Colleague: 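Right, I'll just put the structure down here and ask away after.
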Amino acid sequence: MVYSYFEHRHRFAVWAGARATQRAFTSVKNLRDALEQTNVRNFLEVPDSFNVNADQFESKHREWCNSIVDFLSERGVKNATYGRAAKLIAIYLKSMVVLTEHSASNLATVTHPPIDRILLQNLAASQEIKSQYKASWRIATWTTLNECDYYELIAELRSVLPAPEPWWKLERYWTVTNE
């Protein structure tokens, strides 16, 4: 096997996504295996993939997340939820697309940000954000989100960004810690 720059990024992105998702859940190995059995890596190896629109991305995202949940459930991992799978995919794509030379691509623009408690609580506490959903963000638990709840939350969060803004800009409200 040739150890390419793509492989190097892939390994880091898998590790980062698994570590961000695993706390009190399952092993990095299980999360790695779940991610690698999807076609997300192959998808990124095709240059046209970076031209996807939001609807095309959502279709792929649903496919990947459901595949991860099914894989983990079949392995006997308890509490394999859509919210956890979505965070794994989000961190992976952030590392493989958003933070790379592809940062201006359509894919980088439509890729969902990693949803976690810090982001949701900071959004809810922000004085500049006006939203009827702030109270629910304050108490939302990303680890328990099912597919329907996840996409409702995504729609709510999308409403706080001006239409042409890429999703990654929502992360201005994310910090390493809330302390």
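The model shown is predicted, which means the values in this text are computed figures rather than measured ones. These numbers come from the heavy atoms of this one structure, side chains and all, not from hydrogens, waters or symmetry mates.
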Colleague: State which residues pass salt bridge (Lys or Arg N to Asp or Glu O under 4.0 Å) with Arg138; sequence neighbours excluded, sorted by chain then number.
Modeller: none
Colleague: Working to the nearest 0.5 angstrom, can you tell me the gap between Glu58 CD and Ile154 CD1?
Modeller: 9.0 Å
Colleague: Nearest 0.5 Å, what's the CG-CG distance between Asp70 and Asn66?
Modeller: 6.0 Å
Colleague: Output all residues satisfying ring-ring contact (aromatic ring centres under 6.0 Å, His included) with Trp167, sequence neighbours left out; order by chain, then residue number.
Modeller: His112
Colleague: Excluding sequence neighbours, so at least two apart, what forms salt bridge (Lys or Arg N to Asp or Glu O under 4.0 Å) with Glu63?
Modeller: Lys60
Colleague: Would you give the length of the straight line joining atom CG of Leu157 to atom OG of Ser131, rounded to the nearest 0.5 angstrom?
Modeller: 8.0 Å
Colleague: For Tyr173 and Ile129, what are the C-alpha separation, side-chain angles and deciding distance, and is it a side chain to side chain contact (heavy atoms under 4.5 Å, CB included)?
Modeller: CA-CA 10 Å; Tyr173 297 98; Ile129 293 179; 3.6 Å; yes
Colleague: So which pairs with a foot in residues 119-140 pass ring-ring contact (aromatic ring centres under 6.0 Å, His included), sequence neighbours left out?
Modeller: none
Colleague: Please check if atom OH in Tyr3 has more than 12 non-hydrogen atoms from other residues, nucleotides or ligands closer than 6.0 Å.
Modeller: yes
Colleague: Under 4.5 Å side-chain heavy-atom separation, chaining through any Ile, Leu, Val, Met, Phe, Trp or Tyr, what else clusters with Val69? Say none if it is isolated.
Modeller: none
Colleague: Under 3.5 Å, side chain of Thr111 to main-chain N/O of Leu107, donor-acceptor pair present?
Modeller: yes
Colleague: What's the shortest heavy-atom distance between Gln37 and Phe71, and which atoms?
Modeller: CG-CD1, 3.5 Å
Colleague: Nearest 0.5 angstrom please: Ser95 OG to Ile91 CD1, how far?
Modeller: 6.5 Å
Colleague: Partners of Asp33 by salt bridge (Lys or Arg N to Asp or Glu O under 4.0 Å), sequence neighbours excluded?
Modeller: Lys29, Arg75
Colleague: Is any side-chain heavy atom of Val110 closer than 4.5 Å to a side-chain heavy atom of Asn53?
Modeller: no
Colleague: To the closest 0.5 Å, what do you measure between CG (Asn79) and CZ (Phe25)?
Modeller: 7.0 Å
Colleague: Who are the ring-ring contact (aromatic ring centres under 6.0 Å, His included) partners of Trp174, not counting sequence neighbours?
Modeller: none
Colleague: Can you name the nearest heavy-atom pair linking Leu170 to Pro113, along with the distance?
Modeller: CD2-CG, 3.9 Å
Colleague: Are Val40 and Val98 connected into the same hydrophobic cluster when the rule is that any two of I, L, V, M, F, W, Y join if their side-chain heavy atoms are below 4.5 Å apart?
Modeller: no
Colleague: Say you draw a straight line from CZ of Arg32 to OG of Ser27; how long is it, rounded to the nearest 0.5 Å?
Modeller: 8.5 Å
Colleague: Which pairs with one or both residues in residues 146-159 pass salt bridge (Lys or Arg N to Asp or Glu O under 4.0 Å), sequence neighbours excluded?
Modeller: Arg62-Glu147
Colleague: Check Ala85 against Ile68 and note the closest heavy-atom contact, atom names and distance.
Modeller: CB-CG2, 3.7 Å
Colleague: Can you name the closest pair of heavy atoms from Lys87 and Ala20 and give their distance?
Modeller: NZ-O, 3.5 Å
Colleague: Could you report the tightest heavy-atom contact between Ala80 and Leu72, atom names first, then the distance?
Modeller: CB-CB, 3.7 Å
Colleague: Which residues pass the salt bridge (Lys or Arg N to Asp or Glu O under 4.0 Å) test with Arg9, sequence neighbours left out?
Modeller: Glu101
Colleague: What are the two closest heavy atoms between Ala13 and Met96, and how far apart are they?
Modeller: CB-CG, 3.5 Å
Colleague: Does a sphere of radius 6.0 Å around NZ in Lys78 hold more than 12 heavy atoms from other residues, nucleotides or ligands, not counting ones at 6.0 Å or beyond?
Modeller: no
Colleague: Does Glu165 come within less than 4.0 Å of Arg172, counting only side-chain N to carboxylate O?
Modeller: no
Colleague: Run the ring-ring contact (aromatic ring centres under 6.0 Å, His included) test against Phe6 and tell me which residues pass, sequence neighbours left out.
Modeller: none
Colleague: Only counting residues at least two apart or in another chain, list the ones meeting ring-ring contact (aromatic ring centres under 6.0 Å, His included) with Phe43.
Modeller: Trp64
Colleague: Which pairs, with at least one residue in residues 10-24 and sequence neighbours excluded, count as a side-chain hydrogen bond (donor to acceptor under 3.5 Å, both in side chains)?
Modeller: Glu7-Arg11, His10-Glu36, His10-Arg41, His10-Tyr92, Arg19-Gln22
Colleague: Can you tell me if Ser59 uses its side chain to pair, donor with acceptor, with the backbone of Gln56 under 3.5 Å?
Modeller: no
